[in-house]
Amino acid sequence: MLDIKRIKENPEKVKEGFLAKEIHCQEELARVLELDALRRDLIFETETQKAEQNKVSKEIPQMKKAGQDTTAIFEKMTQLKAAIAQNDEKLREIEAEYRNLMLSLPNLPDEDLKPGGKEANEAIRYHGEARVFDFAPKHHVDLCTDLGLIDYSRGTKLAGSGFWVYRGLGSRLEWALLNYFIDTHLGDGYELVLLPHMLEYQCGETAGQFPKFADEVYKIANPTDDRMHFMLPTAETALVSLHRDEILTEADLPRKYISYTPCFRREAGSYRSDERGMVRGHQFNKVEMVQYTKPEDSDAAFHELVGKAEALVRDLGFHFRTVKLAAGDCSASMARTYDIEILIPSMNGYKEVSSVSNARDYQARRGNIRFRREETGRPELLHTLNGSGLATSRIFPAMVEQNQRKDGSVVIPEVLRKYLGGLEIIEAQRPR
RNA sequence: GGAGGAGUCGCGUAGUCCGGCCGAGCGCGCACGAUUGGAAAUCGUGUAGGCCCCAAAAGGGUCUCGAGGGUUCAAAUCCCUCCUCCUCCGCCA
């Protein structure tokens with residue numbers, strides 16, 4: 001959520017920010033300002049009435065004690081009460097519309113971002129070089145099937161298109177990746193958090209999925225209870241709500257969290273033919289990094305997170321590039337995002353394997369997440385950042401494709417071998 | 001699933017039966033000050049947040065005693081719904 005003061009003070013600047021994101025909210029902005037004015041007038045009027053009500057109310061016991069007649073004053077109070085009730089009702093309506101609109105407005109992009117969409121993204125650095133094959137490399141679906149790592153058809157049998165089953169060594173490889181990520185983060189002083197995988201509405205509202213992007217998540221209806229749960233689309237959704245409605249102490253910041261969770265996404269209508277296999281499933285495993293920081297520290301934290309994601313990708317032996325996303329390619333809640341992209345031989349061009357973002361105070365305002373600044377003694381909104389560190393769903397296929405040998409076997413990256421009993425190569429095996 | 005109990009200002013509690021003197025007492029914690037060579041101890045003072053008015057500060061107002069609604073001139077206190085926690089019983093990983 002944006003600061004209403006920021007909108008009021010400089011609506012042109014806000015408009016400009018939205019345009020950079022290629023989002024057109026002119027009407028919403030105008031309406032928000034209109035509602036805010038209405039709201040304030042109404043609050044002022046109602047509170048004046050309430051002050052009168054309280055004042056008179058305090059006089060009543062004394063009048064009674066003095067034996068005075070209270071009939072006239074009771075009548076007046078009844079009228080006042082009715083007027084207040086009417087205003088309160090009006091105010092409720094206005095504030096509901098106001099809050100809903102405010103929640104639907106996206107975050108503003110940082111000023112140094114290029115305006116426009118994907119085409120304006122900018123690769124800011126490269127690491128290593130793409131592998132050149134001296135044979136025709138196999139597609140990861142074939143490799144994983146031939147090596148018995150992934151069972152696509154049985155995944156589909158169990159849960160439909162977009163699901164798969166890890167088998168045998170495939171499961172162990174997946175687990176090795178996750179352990180490698182987790183161990184690295186633990187070494188960097190992050191706290192590992194294991195979370196509920198089903199969340200209540202408010203988590204989605206704080207993180208930014210609700211109300212606007214509700215279609216991207218799986219909702220769970222409970223027949224005996226009208227409270228909705230949804231499957232978390234990313235651990236960020238839960239981690240950002242961890243300290244919702246809290247005031248953290250300044251000395252406690254930054255908070256550095258990681259969590260492993262499966263992530264559930266509907267991905268409605270987004271399937272593309274070059275995304276055959278594990279690249280865009282409805283369920284995938286991810287280790288997520290989240291930081292809560294003081295506002296002045298969030299830029300440093302952002303670079304720390306980018307660096308951590310890069311190190312993971314690099315140490316798995318990948319060539320990658322880091323891309324600074326243009327304003328319009330950042331998601332609605334984020335002020336800034338860098339993607340780390342690798343080449344997956346079977347796919348055209350670079351594909352995102354990690355996305356690191358700074359939400360600044362956008363999520364904190366939605367979730368009322370603050371810290372008490374020692375200098376002033378007052379609570380202040382903090383900044384939230386998140387980054388994948390990492391999701392396996394693209395790393396896994398990229399790894400088997402990139403590390404394949406002519407004979408169909410796959411070399412295991414060194415950093416993973418200790419999780420696999422020292423295994424170095426996955427040999428082709430008979431299908432089962 | 002059945003029966004009962006409870007949620008109050010960072011923590012612990014008083015207040016709820018009998019509505020107004022309770023936005024709320026006390027203890028602990030914390031901050032500042034006094035005392036001290038310094039500290040402990042002691043004493044004193046202070047100690048929530050949101051919103052509105054105000055250019056800002058100062059100040060004023062308003063709302064919040066788990067959440068929401070109701071009764072009333074007036075609700076921490078009475079009524080209703082919901083949430084959470086605890087105890088006991090049952091059932092099951």
Side-chain angles (χ1 to χ4, degrees), chain A residues 1-10 32-103 194 196-206 220-229 238 241-253 255 361 363-382:
Chain A
M1 206 153 61
L2 297 177
D3 187 353
I4 183 67
K5 286 195 200 111
R6 200 165 159 192
I7 302 177
K8 266 198 306 211
E9 274 159 22
N10 206 339
V32 156
L33 289 171
E34 189 184 343
L35 285 169
D36 181 58
L38 277 173
R39 178 182 145 258
R40 289 141 70 82
D41 286 351
L42 204 49
I43 287 173
F44 185 70
E45 189 186 332
T46 313
E47 287 193 353
T48 309
Q49 291 170 327
K50 283 181 181 171
E52 171 72 10
Q53 187 182 40
N54 289 340
K55 203 182 107 209
V56 175
S57 192
K58 275 193 188 127
E59 287 164 3
I60 287 175
Q62 276 133 40
M63 291 179 69
K64 281 193 166 172
K65 227 180 266 172
Q68 291 172 334
D69 180 26
T70 51
T71 322
I73 218 163
F74 272 24
E75 187 140 326
K76 193 181 141 204
M77 288 292 273
T78 307
Q79 284 169 13
L80 197 53
K81 194 182 143 192
I84 289 170
Q86 212 175 4
N87 275 349
D88 272 343
E89 177 61 35
K90 232 188 289 175
L91 189 61
R92 248 199 300 274
E93 281 168 27
I94 288 172
E95 293 211 306
E97 187 189 346
Y98 170 77
R99 183 172 162 79
N100 217 36
L101 261 176
M102 285 296 281
L103 283 171
L194 293 177
H197 297 172
M198 297 193 291
L199 304 172
E200 290 187 341
Y201 183 88
Q202 186 62 49
C203 294
E205 182 176 292
T206 297
I220 298 154
N222 186 339
T224 59
D225 184 347
D226 53 10
R227 275 193 301 174
M228 184 268 276
H229 281 83
S241 271
L242 204 59
H243 295 297
R244 170 160 28 95
D245 291 318
E246 289 183 31
I247 301 172
L248 304 178
T249 57
E250 183 175 353
D252 258 348
L253 298 176
R255 293 280 185 124
D361 64 8
Q363 292 176 322
R365 187 170 287 105
R366 289 172 156 252
N368 192 27
I369 315 165
R370 295 170 295 169
F371 73 102
R372 191 179 302 279
R373 192 177 289 278
E374 275 161 27
E375 204 185 315
T376 61
R378 313 215 55 88
E380 214 177 286
L381 291 173
L382 44 73

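Throughout, protein chains are lettered first and strands after them, A, B, ... in sequence-line order, and every chain is numbered starting at 1.
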Taking the same atom, C1', in rU36(B) and in rC43(B), what whole-Å distance lies between them?
13 Å
Complementary nucleotide of rG46(B), counting Watson-Crick and G-U pairs under 3.5 Å:
rC30(B)
Looking at CD of Gln49(A) and CD1 of Ile84(A), how far apart are the two atoms once the value is rounded to the nearest 0.5 Å?
5.5 Å
Span that lies between the C1' atom of rC9(B) and that of rC22(B), in whole angstrom:
12 Å
Protein-nucleotide distance (Glu95(A), atom CD; rG50(B), atom C1'), rounded to Å
11 Å
Where the side chain of Arg92(A) is defined as all heavy atoms beyond and including C-beta, which of rG69(B), rG49(B), rC73(B) is the nearest nucleotide?
rG69(B)
State, without any angle test, whether Thr249(A) and Asp252(A) hold a side-chain donor-acceptor pair at a distance under 3.5 Å.
yes
Look at Lys50(A) and rC52(B) and indicate whether a side-chain polar atom (N or O) is within less than 4.0 Å of OP1 or OP2.
no
Mate of rG25(B) where both pairing distances stay under 3.5 Å, Watson-Crick or G-U
rU13(B)
Of the candidates rU62(B), rU72(B), rC53(B), the side chain of Lys81(A) sits closest to rU72(B)
When you check the phosphate oxygens OP1 and OP2 of rG61(B), does a side-chain N or O of Asn54(A) lie under 4.0 Å from one of them?
no
Taking rG50(B), rC73(B), rU62(B) as options, the one with an atom nearest any side-chain atom of Phe74(A) is rC73(B)
Measure the distance from CD1 on Ile73(A) to C1' on rG20(B) and round it to the nearest whole Å.
14 Å
Taking the same atom, P, in rU16(B) and in rA34(B), what whole-Å distance lies between them?
41 Å
Nearest-Å distance once atom C1' is located in both rG23(B) and rG49(B):
12 Å
For rG12(B) versus rC17(B), give the span between their P atoms, rounded off to a whole number of Å.
24 Å
Answer with yes or no whether the side chains of Thr376(A) and Arg373(A) bring together a donor and an acceptor at under 3.5 Å.
no
Show the nearest heavy-atom pair for residues Ser241(A) and Gln202(A), with the distance to one decimal.
OG-O, 4.3 Å
Applying the 3.5 Å cut-off to both distances, the Watson-Crick or G-U partner of rG59(B) turns out to be rC53(B)
Residue-phosphate contact under 4.0 Å: Arg372(A) side-chain N/O, rG10(B) OP1/OP2:
no
Find which nucleotide of RNA chain B each of Pro379(A) and Glu52(A) is nearest to by heavy atoms, and output the residue with the more 5' nucleotide.
Pro379(A)
Taking only side-chain N and O atoms of Arg39(A), does any of them lie within less than 4.0 angstrom of OP1 or OP2 on rC52(B)?
yes
Counter-base of rC65(B), judged by Watson-Crick or G-U geometry with both distances under 3.5 Å
none
Taking atom C1' of rG20(B) as reference, at what distance in whole Å does atom NZ of Lys55(A) sit?
17 Å
When the C1' atoms of rC83(B) and rC30(B) are considered, how many whole Å apart are they?
32 Å
Return the value, rounded to whole Å, for the distance between atom NZ of Lys58(A) and atom P of rU62(B).
7 Å
Quick note, Thr78(A) side chain, CB onward, closest among rG50(B), rC63(B), rC73(B) is rC73(B)
Give a yes/no answer on whether the side chain of Arg40(A) brings an N or O atom under 4.0 Å of OP1 or OP2 in rC53(B).
yes
Which one is paired to rU71(B), where only Watson-Crick or G-U wobble pairs with both distances under 3.5 angstrom count?
none
How far does CD of Glu205(A) sit from CG of Asn100(A), to the nearest 0.5 angstrom?
8.5 Å
In this structure, how many angstroms lie between the C1' atom of rG50(B) and the CD1 atom of Ile43(A), rounded?
11 Å
Strictly below 4.0 Å, N to O, side chains only: are Asp361(A) and Arg370(A) in salt-bridge contact?
no
Nearest-Å distance for atom pair CZ/C1', residues Arg244(A) and rA67(B)
14 Å
Less than 4.0 Å between a side-chain N and a carboxylate O, is that true for Glu52(A) and Lys76(A)?
yes
With a 3.5 angstrom cut-off on both distances, give the Watson-Crick or G-U wobble partner of rU35(B), or none if there isn't one.
none
Nearest-neighbour nucleotide for the Ala51(A) side chain, rG61(B), rC73(B), rC51(B) considered:
rG61(B)
What's the closest nucleotide to the Met77(A) side chain, out of rC52(B), rC73(B), rG49(B)?
rC73(B)
Specify the residue among Val56(A) and Asp41(A) whose closest nucleotide of RNA chain B lies further upstream toward the 5′ end.
Asp41(A)
What's the gap between rA41(B) and rC89(B) when it is taken at their P atoms, as a whole Å value?
45 Å
Under a 3.5 Å cut-off for both contacts, is rA76(B) paired Watson-Crick or G-U wobble with anything, and if yes, with which nucleotide?
none
Work out how far the P atom of rC32(B) is from that of rU84(B), and round it to whole angstrom.
41 Å
To the nearest 0.5 Å, what is the distance between CG (Leu42(A)) and CZ (Arg92(A))?
11.5 Å
Reckon Ile60(A) touches a base, only the sugar-phosphate, or nothing at all at heavy-atom distances under 4.0 Å?
base
Rounding to a whole Å, what distance do you find between Glu380(A):CD and rA48(B):C1'?
17 Å
Quick one: Met1(A) CE to rG50(B) C1', roughly how many Å, whole number?
12 Å
Write down the partner of rC88(B) under the Watson-Crick or G-U wobble criteria, each distance required to be under 3.5 Å.
rG2(B)
